[in-house]
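Chain identifiers are assigned alphabetically (A, B, ...) following the order of the sequence lines, protein sequences preceding nucleic acid strands; residue numbering begins at 1 within each chain.
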Protein chains: 2
Amino acid sequence: MIRRPAASLNPGLLPELIGYRLRLAQQAVFRDFAASVPGVSPGRVGMLLLIEANPGVTQSRLAQAVSRDRSTMVGVLDQLEARGLIERRRGADRRTNGLWLTRAGRAMLARAKRAITAHEQRVAARLTAAERTRLLELLARIAV
Amino acid sequence: MIRRPAASLNPGLLPELIGYRLRLAQQAVFRDFAASVPGVSPGRVGMLLLIEANPGVTQSRLAQAVSRDRSTMVGVLDQLEARGLIERRRGADRRTNGLWLTRAGRAMLARAKRAITAHEQRVAARLTAAERTRLLELLARIAV
DNA sequence: TATTGTTATACTCTATAACTATA
DNA sequence: TATAGTTATAGAGTATAACAATA
């Protein structure tokens with residue numbers, strides 16, 4: 001049977017929807033991140049950055065900061081701890097665990113930050129510096 | 001023990017990263033969508049819109065259009081079919097299934113489109129029309 | 001009583017590999 | 001041989017409910 005090259009689909013309404021464009025942009029950024037910063041997802045790096053900026057933060061406060069249930073954090077932190085990137089230390093309020101980067105965690109985060117710098121440049125390659133700033137500002141108005 | 005109100009965390013580097021802002025914006029949009037368009041996720045509505053704009057599209061072409069594996073589509077389409085929103089019809093190439101909205105599917109999609117109109121207005125409530133257009137354009141340059 | 005961390009459990013979304021029927 | 005749809009299976013990532021320790 002003769003095969004015509006499959007024309008791309010009619011996208012219909014989708015390109016007019018902010019949510020759709022956000023999803024496509026996020027998927028593109030995620031793919032580039034995965035290729036640029038091997039071994040950790042954007043979400044995990046985000047947590048490491050928060051622990052770096054807030055040493056000793058409790059699990060629950062970190063969970064709140066990333067909009068996840070505190071039970072969800074347990075497994076995530078177990079993994080980061082098993083990889084030697086963070087440690088839990090019993091807090092003054094002995095119900096809590098304070099979270100700290102280990103030496104290895106600080107080293108990996110330093111490497112990740114350098115990779116993220118290059119990643120950000122690729123992601124914004126088609127934007128001027130002013131456009132990039134404008135995009136961040138418009139996104140902040142979407143997310144409140 | 002005396003409890004100080006937990007100050008919000010120091011966000012560190014995160015607010016400067018396009019991927020982080022995209023994620024927050026997308027989560028906010030997703031939440032509003034879920035509250036506005038009950039019963040279907042953004043992804044599912046996207047598929048219904050593509051089937052509407054491309055009646056008879058095959059499963060594999062739809063999978064390609066939404067960047068998913070064709071095996072992933074099977075279960076998704078099973079669900080939409082079980083809900084009576086779409087039907088599969090054997091294609092002229094008898095290996096393929098053409099996808100079509102049912103009458104119920106068209107009706108639900110019409111309702112969803114009205115809900116999406118209101119949803120889009122809420123999402124862009126802090127943006128002028130020109131800013132909204134600008135945002136869509138900048139996002140398109142991120143996602144290629 | 002209320003909160004923190006934990007466990008058990010389940011659900012959603014996704015992919016890979018192998019199968020079948022058709023081409 | 002190659003492709004479309006399917007199945008079995010597995011892995012992320014997430015949430016809810018219930019529990020022990022501590023406040």
Side-chain angles (χ1 to χ4, degrees), chain A residues 1-6 9 19 23 26-27 30-31 33-34 38-47 51 54 56-83 86-100, chain B residues 1-6 9 19 23 26-27 30-31 33-34 38-47 51 54 56-83 86-100:
Chain A
M1 180 174 275
I2 292 159
R3 320 184 70 246
R4 275 175 299 178
L9 289 196
R23 187 145 48 106
Q26 214 210 337
Q27 283 171 3
F30 193 100
R31 271 195 307 276
F33 189 101
V40 263
S41 68
R44 303 299 163 92
V45 172
M47 292 178 198
I51 295 171
N54 304 271
V57 64
T58 66
Q59 298 188 188
S60 284
R61 288 233 294 151
L62 182 61
Q64 185 185 5
V66 298
S67 303
R68 297 289 167 261
D69 191 86
R70 67 188 198 279
S71 70
T72 299
M73 295 304 296
V74 176
V76 174
L77 296 173
D78 283 351
Q79 289 180 343
L80 294 175
E81 197 171 33
R83 292 176 61 182
I86 66 163
E87 57 181 334
R88 291 161 157 118
R89 295 188 205 150
R90 169 64 67 92
D93 176 342
R94 287 167 54 242
R95 294 171 301 187
T96 65
N97 290 333
L99 301 173
W100 308 80
Chain B
M1 180 173 278
I2 291 160
R3 319 183 70 246
R4 275 176 298 178
L9 290 195
R23 186 146 47 108
Q26 214 210 338
Q27 283 171 3
F30 193 99
R31 271 194 307 276
F33 189 101
V40 264
S41 69
R44 303 300 162 93
V45 171
M47 292 177 198
I51 295 171
N54 305 271
V57 63
T58 66
Q59 297 187 191
S60 285
R61 288 234 293 153
L62 181 60
Q64 185 186 6
V66 298
S67 304
R68 298 289 167 260
D69 191 86
R70 67 188 199 278
S71 71
T72 299
M73 293 306 295
V74 176
V76 174
L77 296 173
D78 283 350
Q79 289 178 343
L80 294 175
E81 197 171 32
R83 292 176 61 181
I86 65 163
E87 56 181 336
R88 290 161 157 121
R89 294 188 206 152
R90 169 65 66 92
D93 176 341
R94 287 164 57 238
R95 292 171 302 186
T96 66
N97 289 334
L99 301 173
W100 308 79

Review point. CD/B:Gln26 to CD/A:Gln26 distance, rounded to the nearest 0.5 angstrom?
Key: 4.5 Å

Practice item. Output yes when a side-chain donor or acceptor of B:Glu81 lies under 3.5 Å from a complementary backbone atom of B:Arg88, and no otherwise. Key: yes

**Study point:** Under 4.0 Å protein heavy-atom contact, by nucleotide of nucleotides 8-15 of chain D - B base, S sugar-phosphate only
**Key:** -----SSB

Exercise for review: Please report, rounded to the nearest Å, how far the C1' atom of C:dT12 is from the CG atom of B:Asp78.
Suggested key: 15 Å

Exercise for review: Please name the pair of heavy atoms, one in A:Val45 and one in A:Phe33, separated by the smallest distance, quoted to 0.1 Å.
Suggested key: CG2-CZ, 3.8 Å

Practice item. Whole angstrom is fine here: how far is it from CZ in B:Arg90 over to C1' in D:dT3? Key: 14 Å

Review point. Looking only at heavy atoms, what is the nearest atom pair of A:Val57 and A:Leu62, with distance?
Key: CG2-N, 4.0 Å

Practice item. Let me know the distance between CD of B:Gln59 and P of C:dA21, rounded to the nearest Å. Key: 16 Å

Review point. What distance separates B:Thr72 OG1 from B:Gln59 CD, expressed to the nearest 0.5 Å?
Key: 11.5 Å

Practice item. Remember a base hit wins even if backbone is also touched, and classify B:Arg70 as base, sugar-phosphate or nothing at under 4.0 Å, heavy atoms. Key: base

Check your understanding: What are the two closest non-hydrogen atoms of A:Arg23 and B:Gly43, and how far apart are they?
Key -> NH2-CA, 3.9 Å

Check your understanding: Expressed in angstrom and rounded to an integer, what is the separation of B:Arg88 atom CZ from D:dG5 atom P?
Key -> 9 Å

**Study point:** Gap between atoms CD1 and P, on A:Ile86 and C:dG5 respectively (whole Å)
**Key:** 12 Å

Check your understanding: Can you tell me how far C1' of D:dT16 sits from CE of A:Met73, to the nearest Å?
Key -> 17 Å

Review point. Quick one: B:Leu80 CG to C:dC13 P, roughly how many Å, whole number?
Key: 11 Å

Review point. Can you name the nearest heavy-atom pair linking A:Gly39 to A:Arg83, along with the distance?
Key: O-NH1, 3.0 Å

Point to revise | Under 3.5 Å donor-acceptor pair, A:Arg95 side-chain atoms to C:dT3 base atoms | key: yes

Review point. Tell me: CD of B:Gln26 to P of C:dC13, nearest whole Å?
Key: 14 Å

Check your understanding: So which one's nearest nucleotide on DNA chain C is more toward 5', A:Leu77 or A:Gln27?
Key -> A:Leu77

Revision key, fill the gap. Output for pair (A:Asn97 CG, A:Glu87 CD), nearest 0.5 Å, gives 11.0 Å

Practice item. Check step by step if side-chain contact (heavy atoms from CB on, under 4.5 Å) holds for B:Met73 and B:Leu99. Key: CA-CA 12 Å; B:Met73 293 306 295; B:Leu99 301 173; 5.8 Å; no

Revision key, fill the gap. Rounding to the nearest 10°, end axes of the helix from C:dT1-D:dA23 to C:dA23-D:dT1 built from five pairs each make an angle of 0°

Point to revise | Short side-chain N/O contact from A:Arg94 to OP1 or OP2 of D:dA23, under 4.0 Å | key: yes

